[in-house]
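Sharing a structure, written as structure tokens. Questions coming.
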Amino acid sequence: MSYAGPEFEPPRRPLRRPLTVALAALVPGALLGWVVYEGLGSATDDGRGGPESAAVRTPSATGDAKEPGPSPTEPATSAPAAPGALKGKVVVIDPGHNPANFRHTAEINAKVNIGTGYKECDTTGTATNSGYTEAEFTLDVAHRMRTLLEKQGATVRLTQDGDRSYGPCIDERARIGNQAEADAVVSVHADGSGSGNRGFHVILPGAVNSGAADTRPIVGASRDLGERIAGRFVRATGSTPSNYVGDGTGLVTRKDLGGLNLSTVPKVFIECGNMRDTKDAAQLTSGAWRQKAAQGISEGIVSFLRG
Ligand code: ZN
């Protein structure tokens, strides 16, 4: 599904946010700016939008939030945290989709309540032209992250480990993080956008207060988590932020994802690249690149948890 949306608005408030500065230093030429992306209900819950999802972009109400992002003066290579530094911390990794979802169409198409409305239980996810599926990708990156984070002493839980016949549904994915009282949750995905659309983006929860969804208490911390992950992902992979959403910041805020809306703990999604673009696909299918991706995401989590 391609990710067509209206033109981006011109950058505003450039150079005011620490991450923007950090990314600008690392990615010269990136468009600077800050917008809130509000996908509408027709987008699937894997972070992908669709041509039918007339995206609305408005100036960020929280764009001046004061939570710290990575400092632009931070050294380019940070020393790894000491082993055991994350003792007592709980990280939930949510590998997007499930390799067997395609065999359970009826179950994954059943609607679940996400507070702001109803959405499919889960989706099959996308795949590269060569047939490497997003579900395989997300599980592989999740396993690599688990190894890295456990080395730091964190307690790591996966929402699924290829051990279910389908799903879990997006509401359960959120619930698993909530019930674990996770200190951080990251949902790992790769996008299925049009060819030529490249790069990663981190999806942050927008402020939602509707039905069972109330993200207001987690918006600030999730933004902090997401900014740190985006910064470390750039460093670890050398990837540039998405050239098709987020105005070059690698950050997008959404209010239509059940996995974020129903979370009561700090949580973000990351779309590591676009499986439908051959250059991005070459990276996503490389084990060496996936190790760097897992490292970048994990370093962002470590940075967030250590403050
Ligand atoms: Zn996905």
Side-chain angles (χ1 to χ4, degrees), residues 1 39 41-48 90-127 133-146 149-150 154-192 202-205 208 210-215 218 222 225 254-272 275 294 297 301:
M1 183 183 303
S42 52
T44 57
D45 211 78
D46 60 358
R48 286 187 291 148
V90 177
V91 177
V92 169
I93 306 170
D94 177 34
H97 316 283
N98 179 316
N101 270 357
F102 73 94
R103 284 198 290 267
H104 297 271
T105 319
E107 289 94 337
I108 68 166
N109 284 341
K111 295 284 191 349
V112 297
N113 191 334
I114 66 162
T116 51
Y118 287 83
K119 235 167 161 183
E120 290 80 11
C121 154
D122 205 6
T123 52
T124 57
T126 185
T133 66
E134 182 185 355
E136 290 174 80
F137 171 83
T138 65
L139 260 186
D140 180 84
V141 172
H143 289 157
R144 293 171 190 271
M145 287 172 60
R146 178 170 62 189
L149 291 164
E150 283 181 344
T155 300
V156 180
R157 174 141 185 226
L158 269 56
T159 57
Q160 57 96 2
D161 198 0
D163 51 352
R164 292 170 176 248
S165 53
Y166 68 91
C169 294
I170 53 176
D171 56 341
E172 187 182 350
R173 288 176 189 266
R175 207 155 50 234
I176 290 169
N178 298 346
Q179 287 174 350
E181 296 179 12
D183 296 288
V185 185
V186 177
S187 190
V188 179
H189 290 260
D191 212 354
V202 176
I203 305 174
L204 315 172
V208 167
S210 176
D214 185 0
T215 59
I218 64 155
S222 299
L225 172 64
R254 289 178 62 166
K255 298 181 177 179
D256 65 315
L257 298 178
L260 293 179
N261 285 0
L262 298 174
S263 185
T264 58
V265 293
K267 181 171 181 178
V268 298
F269 278 41
I270 181 164
E271 298 281 0
C272 296
M275 297 200 112
I297 301 167
I301 295 169

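The figures here come from the full heavy-atom set of this structure, side chains too, leaving out hydrogens, waters and symmetry mates.
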* Asked: Which salt bridge (Lys or Arg N to Asp or Glu O under 4.0 Å) pairs, counting each pair once, include a residue from residues 90-104, with sequence neighbours left out?
  ->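 Qualifying pairs: Asp94-Arg173.
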* To do: Taking all non-hydrogen atoms of both residues into account, name the closest pair between Met145 and Ile301 and its distance.
  =>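 Reported closest heavy-atom pair: CE-CD1, 3.8 Å.
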* Val265 and Asp183, any side-chain heavy atoms less than 4.5 Å apart ->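 Side chain of Asp183 against side chain of Val265, heavy atoms only: no contact under 4.5 Å found.
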* To do: Check whether the side chains of His189 and Thr138 place a donor and an acceptor atom closer than 3.5 Å, and report yes or no.
  =>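 Distance-only check fails for His189 and Thr138.
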* Work out which heavy atom in Val90 is nearest to a heavy atom in Ala180; give both atom names and the distance. =>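 So the minimum-distance heavy-atom pair works out to CG1-O, 3.9 Å.
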* **Distance-minimising heavy-atom pair for Val188 and Phe137** =>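 Looking at all heavy atoms of both residues, the shortest contact is CG1-CE2, 4.4 Å.
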* To do: Please answer whether the main-chain N or O of Ser165 pairs with a side-chain N or O of His104 as donor and acceptor at a distance below 3.5 Å.
  =>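 A pair under 3.5 Å: yes.
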* Sub-3.5 Å donor-acceptor pair from the side chain of Thr215 to the main-chain atoms of Val208, do we have one? ->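 It does hold such a pair.
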* Asked: Any idea which heavy atoms bring Leu262 and Ala174 closest together, and the distance?
  ->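 Of all heavy-atom pairs spanning Leu262 and Ala174, the closest is CB-CB, 3.7 Å.
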* Asked: CD1/Ile93 to CD1/Ile297 distance, rounded to the nearest 0.5 angstrom?
  ->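 If we round to the nearest 0.5 Å, Ile93:CD1 and Ile297:CD1 are 8.5 Å apart.
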* Asked: Okay, side chain of Gln160, backbone of Gly162: is any donor-acceptor separation there less than 3.5 Å?
  ->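 The answer is yes, because a donor-acceptor pair under 3.5 Å joins these two groups.
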* **Sub-4.5 Å side-chain heavy-atom contact between Leu158 and Pro95** =>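 Sidechains of Pro95 and Leu158: in contact.
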* If only atom types and distance count, is the side chain of Ser210 paired as donor or acceptor with the main-chain N or O of Ala213 below 3.5 Å? ->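 The answer is no, because no donor-acceptor pair under 3.5 Å joins these two groups.
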* Asked: Under 3.5 Å, side chain of Glu271 to main-chain N/O of Ile203, donor-acceptor pair present?
  ->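 Judged by distance alone, no pair lies under 3.5 Å.
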* **His97 NE2 to Thr123 OG1 distance, which is reported to the nearest 0.5 Å** =>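 If I round to the nearest 0.5 Å, the distance is 4.5 Å.
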* Atom of Pro168, atom of Ile176 and distance for their closest heavy-atom approach ->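 So the two residues come closest at CG-CD1, 4.4 Å.
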* Asked: Measuring from Leu260:CG to Phe269:CZ, what's the distance to the nearest 0.5 Å?
  ->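 If I round to the nearest 0.5 Å, the distance is 4.5 Å.
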* Donor-acceptor pair, Asn101 side chain versus Gly167 backbone, under 3.5 Å? ->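 Indeed, once roles are kept as given, a pair shorter than 3.5 Å links the two residues.
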* Out of curiosity, Thr159 OG1 to Glu172 CD, how far, rounded to the nearest 0.5 Å? ->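 These two atoms lie 8.5 Å from each other.
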* To do: Answer yes or no: is there an ion pair linking Asp161 with Arg146, defined by an N-O contact shorter than 4.0 Å?
  =>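 Arg146 and Asp161: salt-bridged.
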* State the CD1-OG distance between Ile270 and Ser187, to the nearest 0.5 angstrom. =>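 The OG atom of Ser187 is 10.5 Å from CD1 of Ile270, to the nearest 0.5 Å.
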* **Distance-minimising heavy-atom pair for Ile218 and Pro266** =>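 Shortest heavy-atom separation between Ile218 and Pro266 comes out as CG2-N, 4.2 Å.
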* Please list, chain by chain and in numerical order, all residues satisfying salt bridge (Lys or Arg N to Asp or Glu O under 4.0 Å) with Arg144, sequence neighbours excluded. =>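 Testing Arg144 for salt bridge (Lys or Arg N to Asp or Glu O under 4.0 Å), a comparison that skips the adjacent residues, returns Asp140.
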* Main-chain N/O of Gly117 paired to Asn261 side chain as donor or acceptor, under 3.5 Å ->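 Between the backbone of Gly117 and the side chain of Asn261 there is no qualifying donor-acceptor contact (under 3.5 Å).
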* Please answer whether the main-chain N or O of Ile108 pairs with a side-chain N or O of Glu120 as donor and acceptor at a distance below 3.5 Å. =>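 Answer holds: no.
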* State, yes or no, whether a side-chain contact exists between Ser263 and Asn178 at a heavy-atom distance under 4.5 Å. =>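 Side chain of Ser263 against side chain of Asn178, heavy atoms only: contact under 4.5 Å found.
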* Does Gln179 reach the side chain of Arg157, with side-chain heavy atoms less than 4.5 Å apart? ->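 Answer no - side chains too far apart.
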* **Option from Ile114, Asn113, Asp171 for which side chain to side chain contact (heavy atoms under 4.5 Å, CB included) with Lys119 holds** =>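 Option passing the side chain to side chain contact (heavy atoms under 4.5 Å, CB included) with Lys119: Ile114.
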